[in-house]
**Q** 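Sharing a structure with you now.
The model shown is predicted, which means the values in this text are computed figures rather than measured ones. Chain letters run A, B, ... following the sequence lines, proteins first and then strands; every chain starts at 1.
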Number of protein chains: 2
Amino acid sequence: MNWTGGKRPTISQVAAQAGVARSTVSRAFSQPERLTRETVARVLEVAKQLGYTPNPVAQALSTGRSRNIALVVPDVANPFFPPLIRAAQRKAEDYDLCVFLGDSDEKPEREDQLLERFASQVDGVVLVSSRLSDTQIWAYAQRMPLVLINRDIDNMLRVLIDSAPGMEDAVTHLAELGHRHLAYVSGPATSWSNAQRRTAFRNAARRQGLEVSSISANRSTYESGRKSAERVVASGATACVAFDDLLAQGILAGLADLAVAVPEQISVVGCDDVLGSTTSPALTTISNHCVAAGEVAISLLVDNFGGSPAVDVRHVLKTHLVIRNSTAARK
Amino acid sequence: MNWTGGKRPTISQVAAQAGVARSTVSRAFSQPERLTRETVARVLEVAKQLGYTPNPVAQALSTGRSRNIALVVPDVANPFFPPLIRAAQRKAEDYDLCVFLGDSDEKPEREDQLLERFASQVDGVVLVSSRLSDTQIWAYAQRMPLVLINRDIDNMLRVLIDSAPGMEDAVTHLAELGHRHLAYVSGPATSWSNAQRRTAFRNAARRQGLEVSSISANRSTYESGRKSAERVVASGATACVAFDDLLAQGILAGLADLAVAVPEQISVVGCDDVLGSTTSPALTTISNHCVAAGEVAISLLVDNFGGSPAVDVRHVLKTHLVIRNSTAARK
DNA sequence: ATTGACTTGGCAACCGGTTGCATGATAGTT
DNA sequence: AACTATCATGCAACCGGTTGCCAAGTCAAT
């Protein structure tokens, strides 16, 4: 005995048992108002008794809607994503949608493969911090509803986390503490967020008349941050802002290795606020509502089911600075 | 213009264009060896030209296999799960399977809902640290291939992380450092892993002739750990082992708040090894191969597609202690 | 030339639903 | 009583594939 072709009752069996046509059973579930109260009751009774549930695959085939969506992220293990994934998943449930998860491992080719595989069996896709080119994304958006998180392309649905306000706060905060030379430790080169944050950082620093250094850590990992610590010290900056919390956490560790005291000798600011107070010292960071991002993306997607491609929606989420213990007055 | 009923070419169009029957097109993809080289070539040529790809939904309906599986976890945001999810996802890709992700938020009802929703559209399910009752799980296992991670039920497919060896190492390690009184800080009451770890801890401690205290933190969160620190101190133990790294990290922070030095005054051991060296001090912890668990689970699932229910497989993964800086000789 | 084995590809039924249209019954109108 | 609206339900085609079975064609052996 095996499962395939198992004992799930079909609509025909319910129809036979209830003495009605298959279409009537179908309607008893989807448009009960078109049937007599009694008929509906009888059908549902039989259905329950038989343990019948409409087969979603068959429904998908005949209606063209699967009630499934896909969520693609560059790296599930990066702490920025889990809260977002979780929020999106929960929100999707509210709309009775199941969500496929794809991890592209930061590689455009993999992301492409995943999307290709998902394309024909979902009602829509949410792409988080996509590493694909604008053209590729555009092409997919022609085939199905698609929402971007942290990627800004015209005439598409996107939710963006605007680092500028938080970055402005951070730089001002550091300037007020007396720092005159700041460093920005950047993350993945292909990341829209990284470009956006770096720009916001530079603009804010220029306005405050501060000297800036730029250090590239490439990957957004703890180890990569740790290795960058040395360069932060070498740059001569007395405070730094990292692309994200993971990198900042690594920098904290790297500085500790070098016996550089934080925040006494160097102040460190993170970005994302996904680590809470779990670092030591507790990290001052730019908080972005990643939970909100996930929820908004799903809502946006659902609102655009059946709509037309090339709709221009730009939902921007603000950020703000959360001050903890990794920043202090310049010695 | 919208997406539904879009311009995806169907098998009929390809057939017409290539001047063959639909069945021939189907076979050109699924059993090319039954056709002439030329026929296959011609069909594929036309298919490529039209941009045709078999519709997975239709395939699923007629074959009864969707090539989709589901992975259900209690909490995506708990750092133990992302690496596992990632590994599982990657492995699934090797078998050309798409994976649905479900987050039960540690609630049995939600887990049940998710499974019900997934049941009819996947070829199998992996349940990680399930909070359902044995009976419920058993019932689902009758309906579809199902693999358990960290849950031990007879006659089912399961991969277990055996904490005993690592726990043995940990307790021995602490005993050798001179600790005579240890505390275990437990996690979720309904967790199989928790019961298993606590038992292993007690047995090891008894063998070493050590005094033990048990402290309950309930939820496995940083905050919960932080709040437990006080009770660890109150217990009089000079070293503690926490249910998992997250809890341990919280305890570290809580102890720091209380100005108790780690490892000088109290030693702390975690479990899972998912935080690497990111804690301060770097956490001594019991390493379990969560990546391997994810991979093995998928392989097990795939191997049992089309098999029969009630197969008894118990794949046990060993653990070992990773010594870092949160443990030291008793003062 | 006849026969039989084997290969190739078409026919048509099937997977399990949905839905436009038709039908017959019931109720309401004059 | 005849005539039409209205409503509940059934019929049958359709979604886009897969697959068991059969017919026609090829080729070699008798």
**Q** Output all residues satisfying ring-ring contact (aromatic ring centres under 6.0 Å, His included) with Phe100(A), sequence neighbours left out; order by chain, then residue number.
**A**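 Testing Phe100(A) for ring-ring contact (aromatic ring centres under 6.0 Å, His included), a comparison that skips the adjacent residues, returns Phe118(A), Phe100(B).
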**Q** With heavy atoms under 4.0 Å as the rule, sort Leu61(A) into base, sugar-phosphate or nothing.
**A**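 It contacts base atoms.
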**Q** What's Ser12(A) touching, base or sugar-phosphate or nothing? Going by heavy atoms closer than 4.0 Å.
**A**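 Answer is nothing: Ser12(A) stays at 4.0 Å or more from every strand.
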**Q** In residues 13-33 of chain B, which ones come under 4.0 Å of DNA chain D, going by heavy atoms?
**A**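 DNA chain D contact set from residues 13-33 of chain B: Arg22(B), Ser23(B), Ser26(B), Arg27(B).
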**Q** Who are the side chain to side chain donor-acceptor pair (under 3.5 Å) partners of Ser62(B), not counting sequence neighbours?
**A** none
**Q** Which residues satisfy the ring-ring contact (aromatic ring centres under 6.0 Å, His included) test with His289(B), sequence neighbours excluded?
**A** His320(B)
**Q** Using side chain to side chain donor-acceptor pair (under 3.5 Å) as the criterion, list what pairs up with Thr39(B), not counting sequence neighbours.
**A** Thr36(B)
**Q** May I have the distance from Glu38(B) (atom CD) to dT7(C) (atom C1'), rounded to whole angstrom?
**A**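 Taking atom C1' of dT7(C) as the reference, CD of Glu38(B) is at 13 Å.
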**Q** Go through the structure and list residues passing salt bridge (Lys or Arg N to Asp or Glu O under 4.0 Å) with Asp105(A), not counting sequence neighbours.
**A**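 In terms of salt bridge (Lys or Arg N to Asp or Glu O under 4.0 Å), with neighbours along the sequence ignored, Asp105(A) is linked to Lys107(A), Arg86(B), Arg90(B).
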**Q** Show every donor-acceptor pair shorter than 3.5 Å between a side-chain atom in residues 109-117 of chain A and any protein atom, with sequence neighbours excluded, or say none if there are none.
**A**
| residue | atom | partner | partner atom | Å |
| --- | --- | --- | --- | --- |
| Arg110(A) | NH2 | Glu93(B) | OE1 | 2.6 |
| Arg110(A) | NH2 | Glu93(B) | OE2 | 3.4 |
| Glu111(A) | OE1 | Arg131(A) | N | 3.0 |
| Glu111(A) | OE2 | Ser130(A) | OG | 2.6 |
| Asp112(A) | OD1 | Tyr140(A) | OH | 2.8 |
| Glu116(A) | OE1 | Tyr140(A) | OH | 3.2 |
| Glu116(A) | OE2 | Arg143(A) | NH1 | 3.3 |
| Glu116(A) | OE2 | Arg143(A) | NH2 | 3.1 |
| Arg117(A) | NE | Asp96(B) | OD1 | 2.8 |
| Arg117(A) | NH2 | Arg67(B) | O | 3.4 |
| Arg117(A) | NH2 | Asp96(B) | O | 2.9 |

**Q** Between which nucleotides of DNA chain D, 5' to 3', does chain A make heavy-atom contacts below 4.0 Å?
**A**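 Answer, 5' to 3': dA8(D) to dG16(D).
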**Q** Kindly list each side-chain donor-acceptor pair under 3.5 angstrom involving residues 40-51 of chain A, sequence neighbours excluded, with atom names and distances?
**A**
| residue | atom | partner | partner atom | Å |
| --- | --- | --- | --- | --- |
| Arg42(A) | NH1 | Ala18(A) | O | 2.7 |

**Q** How far does the helix from dA1(C)-dT30(D) to dT30(C)-dA1(D) bend, going by the axes of its first and last five pairs, to the nearest 10°?
**A**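 One end axis against the other gives 60°.
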**Q** Could you tell me which residues satisfy salt bridge (Lys or Arg N to Asp or Glu O under 4.0 Å) with Asp134(B), sequence neighbours excluded, listed by chain and number?
**A** Arg151(B)
**Q** Supply the atom-to-atom distance Asp75(A) CG to Ser129(A) OG, rounded to the nearest 0.5 angstrom.
**A**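 Going from CG on Asp75(A) over to OG on Ser129(A), the span is 10.5 Å.
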**Q** Checking Arg34(B) now: which residues fulfil salt bridge (Lys or Arg N to Asp or Glu O under 4.0 Å) with it, not counting sequence neighbours?
**A** none
